[in-house]
Enquirer: 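Let me give you the structure first, and then I'll get to my questions.
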Amino acid sequence: MADAGHADAGNEDPGEASQRHFSMHQLSKKPPLPRLHMDYSQYRYIPPGDRIKEQPDLNRLLFWTPTGEPDGYAERRGNAILYYDRTGKAVRVDTNPYGR
């Protein structure tokens, strides 16, 4: 009775079984977990011409130049958003009117 749910497990096509079990390399490329979404609408400053890359797990934005070089980042600290240049020096502080 305990094996009733797995009665046809031995009758599976080998191709079907391999499609259900992913390697660690496949899982790392496309993890089965939902992506974390953060609201970055309160981040007001973007260096001119830069592209943005979100890092929701660290709650910060990365800025990249059009040539693909890092140009700094912004992160939330309490009720403020701090903007850093490419050397890690704070260059701007915006207070967050909405709070956390």
Side-chain angles (χ1 to χ4, degrees):
M1 288 268 248
D3 292 331
H6 303 287
D8 56 77
N11 298 333
E12 284 183 337
D13 191 28
E16 289 180 24
S18 66
Q19 289 177 359
R20 288 187 326 167
H21 302 288
F22 298 106
S23 71
M24 292 303 285
H25 295 288
Q26 291 167 330
L27 287 173
S28 67
K29 290 179 184 174
K30 191 173 182 183
L33 301 172
R35 296 191 65 120
L36 183 62
H37 176 70
M38 299 296 294
D39 178 22
Y40 293 104
S41 63
Q42 297 166 358
Y43 289 68
R44 298 182 198 125
Y45 175 74
I46 299 172
D50 281 3
R51 293 179 296 144
I52 298 173
K53 170 91 169 102
E54 297 178 356
Q55 276 191 321
D57 54 335
L58 298 175
N59 196 19
R60 69 178 180 181
L61 291 177
L62 300 176
F63 304 120
W64 294 85
T65 63
T67 59
E69 298 175 13
D71 198 25
Y73 63 97
E75 67 181 359
R76 180 187 303 247
R77 295 269 178 116
N79 288 336
I81 298 174
L82 296 150
Y83 297 88
Y84 299 91
D85 64 2
R86 68 181 74 210
T87 63
K89 178 181 158 192
V91 293
R92 180 180 171 125
V93 177
D94 284 341
T95 57
N96 184 357
Y98 301 109
R100 250 192 156 170

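Residue numbers run from 1 in the order of the sequence given. What you are looking at is a predicted structure, and each value in this text was computed from that prediction instead of being measured. Atoms considered below: every heavy atom in the structure, side chains included; atoms not considered: hydrogens, waters and symmetry mates.
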Enquirer: What's the spacing between Arg76 CZ and Leu58 CG if we round to 0.5 Å?
Expert: 14.0 Å

Enquirer: Partners of Thr87 by side chain to side chain contact (heavy atoms under 4.5 Å, CB included), sequence neighbours excluded?
Expert: Asp85, Lys89

Enquirer: Would you give the length of the straight line joining atom CZ of Arg51 to atom OG1 of Thr67, rounded to the nearest 0.5 angstrom?
Expert: 8.5 Å

Enquirer: Give the minimum heavy-atom separation between Gly49 and Pro66, together with the two atoms involved.
Expert: O-CG, 3.2 Å

Enquirer: Tell me every residue that passes salt bridge (charged side-chain N to carboxylate O under 4.0 Å, His left out) with Asp71, counting only those two or more places apart in sequence or in another chain.
Expert: Arg86

Enquirer: How long is the span from the CG atom in Asp50 to the OG1 atom in Thr65, to the nearest 0.5 Å?
Expert: 6.5 Å

Enquirer: Is there a continuous path of hydrophobic side-chain contacts, each under 4.5 Å between heavy atoms, that joins Val91 to Leu82?
Expert: no

Enquirer: Test: ring-ring contact (aromatic ring centres under 6.0 Å, His included). Region: residues 47-94. Which pairs qualify, not counting sequence neighbours?
Expert: Tyr45-Tyr83, Tyr73-Tyr84

Enquirer: How many angstroms lie between CG in Asp94 and CD in Gln42, if you round to the nearest 0.5 Å?
Expert: 10.5 Å

Enquirer: Quick one: CG on Leu61 to CD on Glu54, what's the gap to the nearest 0.5 Å?
Expert: 6.0 Å

